[in-house]
Amino acid sequence: MTDRSEAVVLGDGVRLATTTRPGRPGAPDVVLLHGGPGLWDYLEPLADLIGGEATVLRYDQRGCGASSASAEQSMARSVADLEELREHWGMESMVVVGHSFGAALALAYAAGHPQRVSVLGHVSGVGIGDWHTPFAAERARRGEPFAARLAELKAIANRTPEQEVEWRRLTWATDYADVRFGYTASEPMARTPYPINHIANSAIRYGDADLIGWAAATTCPVYFIHGTADPRPAANAMLLADRTPIARKRAVEGAGHLPWVEQPDQLRELLVELLRAG
């Protein structure tokens, strides 16, 4: 079915750009939460994988993408925004699937509004413990062939549009199991005309204690889905799963940080399983 776009005005006047893809009659409602923080909705491929199995709702978080600017950036505000959207959409409960930072946002929302989430998808979330050290080492190893060029681009204060695209592609290529493939696969997202909201990326902070508290407060099944080739170690996400009352651990073999790109069939099967659990 055709996607429907709508700008939803929140209580504080911020407008969020949303997209709805209707599913078959009686299909569950699924909200997809993009990562960052500070990026934009790039999860249309996930909606494509779900197909008619659900009504899929997506949005650009405040200050990001096509949504309006906002000086207020916090996890609490992000949770409140999602709750306002749920009320606007008129849903009693929903399936929530978050990717990367969106996985943490999904947990925070489910902890604060447990009666509103029937099942949660924690896709490529970082988990708890020291994931930064192995992530940095693996990223450096994968990015060694183009490290010099990336350093050149990073040093440019005001990159041209094409330089910005190249910087994004080189930065994001290491998120894939095969960085050469990743350099090509990341181009569409890199060419998205929106700026990265670095203020939001710095302002929205949370730590292990927050994640553990949110996970422990969930009352629905939580699917921890992680690519085996994600440079952000799956082991740390599974440590968080161990702190979650109803956890389901699922590996996507051979996939990096964006498993729908490298292993779409595996991810589709897991998403269908998740929807049926909800």
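The residues R86 and E92 are annotated as not salt-bridged, no charged nitrogen and carboxylate oxygen being separated by less than 4.0 angstrom. Checked for salt-bridge contact, R250 and E273 meet the test: a charged N lies under 4.0 Å from a carboxylate O. Between D242 and K249 there is a salt bridge, since at least one side-chain N of the basic residue sits less than 4.0 Å from a carboxylate O of the acidic one. Under the 4.0 Å criterion applied to side-chain N and carboxylate O atoms, E84 and R77 are assigned as salt-bridge partners. The residues R191 and E162 are annotated as salt-bridged, a charged nitrogen and a carboxylate oxygen being separated by less than 4.0 angstrom.
If you run side chain to side chain donor-acceptor pair (under 3.5 Å) between R21 and each of T2, D3, T55, only D3 comes through.
When the ring-ring contact (aromatic ring centres under 6.0 Å, His included) test is applied to F146, no partner is found at least two apart in sequence or on another chain. For the ring-ring contact (aromatic ring centres under 6.0 Å, His included) test, residues two or more places apart in sequence or in another chain that qualify with H113 are Y109.
Summarising the local packing, CD1 of I199 is surrounded by 12 or fewer heavy atoms from other residues, nucleotides or ligands at distances under 6.0 Å. Crowding of R180 atom CZ: a count of heavy atoms from other residues, nucleotides or ligands under 6.0 Å not exceeding 12. Applying the 6.0 Å contact sphere to CZ of R15 captures no more than 12 heavy atoms from other residues, nucleotides or ligands. Heavy atoms from other residues, nucleotides or ligands lying under 6.0 Å from CD of E144 number 12 at most.
Clustering ILVMFWY residues whenever any of their side-chain heavy atoms sit less than 4.5 angstrom apart, transitively, puts V31 in a cluster other than the one holding I225. Taking hydrophobic clusters as Ile, Leu, Val, Met, Phe, Trp and Tyr residues chained together by side-chain heavy-atom distances below 4.5 Å, Y223 does not share a cluster with I128.
Summarising the geometry, atom CD1 belonging to I50 is positioned 8.5 Å from atom CG belonging to L274; distances are rounded to the nearest 0.5 Å. Summarising the geometry, atom CZ belonging to R139 is positioned 11.0 Å from atom NE2 belonging to H132; distances are rounded to the nearest 0.5 Å.
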